[in-house]
Each structure stands twice: as structure tokens, then as C-alpha cells.
Protein chains: 2
Amino acid sequence: MAAAAKEGETRRHVLDCAARLFSREGYAAVSLRGIAAESGIKAGSLYYHFESKEEIVIEILNVGVQLVHAAVERAIGALPPQAPVAQGIGVAMEAHLQALHKASDYTSANIRIFGQLPQSVQNAHRPVRRSYDLLWSELLGRGVRSGELRDDINIPRLRAFLLGAMNASLEWYNPKSVSVARLASDLAAVVLYGAAYAAPLAAPGPALARKA
Amino acid sequence: MAAAAKEGETRRHVLDCAARLFSREGYAAVSLRGIAAESGIKAGSLYYHFESKEEIVIEILNVGVQLVHAAVERAIGALPPQAPVAQGIGVAMEAHLQALHKASDYTSANIRIFGQLPQSVQNAHRPVRRSYDLLWSELLGRGVRSGELRDDINIPRLRAFLLGAMNASLEWYNPKSVSVARLASDLAAVVLYGAAYAAPLAAPGPALARKA
DNA sequence: GTCTATAGGATGATAGAC
DNA sequence: GTCTATCATCCTATAGAC
């Protein structure tokens, strides 16, 4: 029992250190010796906890998405069922951004290195991403059906735009300048209602429509 | 003359190959042997054209931003001076996205690996980024002064959000599904006027305001 | 301009002592 | 569970022939 807890603790400690290194230096630049040194153990000892460098990185990818997914699911679930979808989007965006920046070693490692990993690693992680995407597709789809969002909308494109814009904040957001709550409400206001004061004389045309 | 042209050609060919590899595999994962093989020469020969791996990557970073910067500057310059800023933003977004996806090896290498490079390399490239940021700050600032954009706006934050959202499209946009021109007009419509049909009963509150 | 050859060091992974 | 020691391989960069 104590041994199991200890093993789990060491494993998680190694993942924490590795996530920090991966996000700052990239996947290939980080050596197992580096991860071990950061964790306070020796390189050979890593092989007691993990089978390979790939197993380490896959677990980091999964944790990064799952922490955000769980936080957003909790936030949406806490709303009354009849709440307007616009409110759901606002709440989901805040939960996403809070979790994103709280677990930033995991989430930024995920976003920065995913595209550079071997196909086998990308494929092992992909279902976790797909599951989170689905949550957003459902939320945005409800908005379209309820008439709150433009009905000429391409949901996968709006979802990619929204998630991409939020995730990119890992590269520029500075917690010293403003709270995450404020960041979230500002971004939600722009995404839902726009940065301009009013529509131009000519109609802006259908946004994110289904076809070119 | 022919020799000079040849040298420039080889140099650019090597950069093209290296940019493609860096964007797909990351900085540390790409070896000079790999760049040389992709370019059709041998590793030792690279040192006739470049002093080091760092010199190669710095040039790739600079080219990526400068191509986009030049395209956006050209597009804005072609507008009549009295054109509304909203139109300028639309034109600039389209030019940014067109150049971004046309030179995608350079631009995605830039965005994916910048944060993982040694500080010395980041610092060498930073002025090029700052100069492009300035162009957007001026454009958005004109929008606020002309009354077209919310005057409670924090310009650096709106700029980071906008550029981050567009650049993230490198990770999800598929040219087979829709043209870049359409992508650009859809994103501009959302950013300027929002994805929702109308403001909620309660005012959405100041967006991207200056302070927390 | 491009080549071959190589110096000097770091890497992922394994074997086996404790 | 953690250690040391090691293998085979790969890396950046340089030297010097052609």
C-alpha cells in the first residue's frame, strides 16, 4: 500500500518534471538523463517506472487533455439545463482557460510537441483529443439548433478556431497583467459578439459557412 | 554572376528543405545529416553555406515572418487612405492567412519551434517579430481611434488573440475543404462581429479592457 | 563547392549489483 | 527501487583532398 502509493508518487513526479522539460525544449531535445536529473534519480531507474521515452510522452499528452476535459465537463454540468448556450460557451471557455494555464506544463507540452512526435505516438493519443473535441461540437451544435449561433456555421471550423485561439494564449498570456477569469470573459465577448461596435453597411456575409 | 546565383540558389534550397524538416520534427530532432540528405548534398558541405545549425534556423525564422509581414504591408498599402479600418483588418487578415499557408514550411517551423530554441536564437529573431507586431498594433489602434473598434480595448491583447488564432490555423486548416480566401472572410466576420446572432439581455461587458 | 574521414561527446536502452 | 557500467549509435563541427 505504502509501496504502491510511493510508486505512483514517483511516477507522477517524473511526469511533472518531464512535462516541464518537454514544453520548454521540445521532445527530441530532452534526454532521459535530463528527465532523471530533474527528478532527482538516475537515468537507468526510469526504466523501472516506464518502458520507454515514448510511454512517458504519451502519458503526458493524455494527462494534459484529460485535465482540461474534466474541468470543462464539470463546469458545464453545473449549469441549469435551460441555461442559454451563450452562457455555456462562456463557462466552458473559462474552465478551459483556467485548466489550461493551471496545468500549463502538460498542456503546453501537448500543444507544442504533438505535431513533431512519431506517428505511432500521435495515434496513441488521438482518441483522447477526439473525445474532447466532441464535447465542444455538441455544445456549439446546441447553440446552432437553439438559434443563438449563426445557423450558417460550420461547427468543426468554429470549434477549431475557438480552441486554437484559446490554446495559443499559452504563448502570450501573462498572469501578471490580468486574471484568467478576465482573459476568459474578454475572449468570450469577442468570439460571441465581436471586437467591432456594429456591423458594417454591407452585411458581413455568412461566417464559417459549410462550403467554399 | 552565375556562381553567385548558384550559391544563392543552393542556400535557399537548403533552407527550404530544413524548414520542412524543422516544422515536421522539431529543432533538436533534425540533424545536419538529415538536412543535407534532403537537400541532395553531404553534411560537411553545409558548412560552406552556413556557419552552424543555429544560423540556418535563425534565417528560417526570419524568412517566415518577413514573407507574411511584406504581404500584409502590400495589402494594406493598396487600400485607399480613407478606407474603414474594419476593411483594413479584413484585408490584412486575408493577406496574413494567404502568406501563412503559402509559405507554411517556414511559418509553421517558426511557430512550432520558436519557444523551444536557445535564448540566443530567440533573441536574434525577436526584432523581426516585434516589427510585425507593430504593424498590427498600428492598424488596431487606428480602429479604436476612429471609433470602429470598442474603445475599452487592450490593443496588445487583441493583437495577440488575433494573430494567435490565425497562426493556429496551421494546425487545423485543410485547403481541400475550403479556400484560404473563404477561411479569411469567415474568421474576420467572427472576430469583428461575433459568432452569436445578437448580444444577450445583459450587456456583454467591456471586451479586452485595459486592466483586470 | 562538394567530398570523405574523423574527433569528441551525448543518446536510448539494457544488464546486473545491491 | 535505485544504482553503476556499458553497448551501439548518433550528433555537431572540423580538416583537408579534389
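Order of the sequence lines sets the chain letters (A, B, ...), proteins ahead of strands, with each chain counted from 1. Computed over heavy atoms, backbone and side chain alike; hydrogens, waters and symmetry mates excluded.
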Counting just side-chain N and O atoms, does [X] come under 4.0 Å of either OP1 or OP2 of [N]?
X	N	result
A/Ser45	D/dC3	yes
A/Lys42	D/dT2	no
B/Tyr48	C/dT2	no

Rounded to whole angstrom units, what separation is found between the [atom1] atom of [X] and the [atom2] atom of [N]?
X	N	atom1	atom2	answer
A/Phe50	C/dA13	CZ	P	13 Å
A/Lys53	C/dG12	NZ	P	5 Å
B/Leu46	D/dA13	CG	P	10 Å
A/Tyr47	D/dT4	OH	P	16 Å
A/Arg33	C/dG9	CZ	P	15 Å
A/Ile35	C/dG12	CD1	P	8 Å
B/His49	D/dA13	NE2	C1'	16 Å

Heavy-atom closest pair, residues A/Phe161 and B/Ala165
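Shortest heavy-atom separation between A/Phe161 and B/Ala165 comes out as CE1-CB, 3.7 Å.
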
Tell me which of A/Ser52 and B/Gly40 sits closer to the 5' end of DNA chain C, going by the nucleotide each one is nearest to.
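Comparing both residues, the 5'-ward one is B/Gly40.
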
Residues touching DNA chain C, which here means a heavy atom under 4.0 Å, drawn from residues 22-32 of chain A
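Correct list: A/Val30, A/Ser31, A/Leu32.
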
Counting C-beta onward and ignoring hydrogens, is there a side-chain heavy-atom pair between A/Leu149 and A/Leu140 closer than 4.5 Å?
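Side-chain contact under 4.5 Å: yes.
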
Given side chains that start at C-beta, do those of A/Phe50 and A/Leu15 come closer than 4.5 Å, heavy atoms only?
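A/Phe50 vs A/Leu15: side chains touch.
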
Considering only nitrogen or oxygen atoms on both sides, find all protein atoms under 3.5 Å from nucleotides 16-18 of chain C and state each distance.
none

For residues 90-97 of chain B, run the donor-acceptor check on the side chains, cut-off 3.5 Å, and write out each pair with its distance to 0.1 Å, sequence neighbours left out.
residue: B/Glu94; atom: OE2; partner: B/Gln98; partner atom: NE2; Å: 3.2
residue: B/His96; atom: ND1; partner: B/Tyr132; partner atom: OH; Å: 2.5
residue: B/His96; atom: NE2; partner: B/Asn167; partner atom: OD1; Å: 2.8

Give a yes/no verdict on a cation-pi contact between A/Arg129 and A/Phe114, requiring under 6.0 Å between NZ or CZ and the six-membered ring centre and an angle within 45° of the axis.
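Yes, A/Arg129 sits over the ring of A/Phe114.
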
Short question: side chain of A/Ser169, backbone of A/Met166 - any donor-acceptor pair under 3.5 Å?
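A pair under 3.5 Å: yes.
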
Could I get the full list of side chain to side chain donor-acceptor pair (under 3.5 Å) partners for B/Ser104, not counting sequence neighbours?
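So B/Ser104 forms no side chain to side chain donor-acceptor pair (under 3.5 Å) with any residue.
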
Contacts of type salt bridge (Lys or Arg N to Asp or Glu O under 4.0 Å), residue B/Glu171, not counting sequence neighbours:
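Counting only residues at least two positions away or on another chain, B/Glu171 forms a salt bridge (Lys or Arg N to Asp or Glu O under 4.0 Å) with B/Arg112.
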
Under the ring pair (Phe, Tyr, Trp, His ring centres under 6.0 Å) test, which residues partner A/Tyr106, sequence neighbours left out?
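By the ring pair (Phe, Tyr, Trp, His ring centres under 6.0 Å) rule, A/Tyr106 matches no residue at all.
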
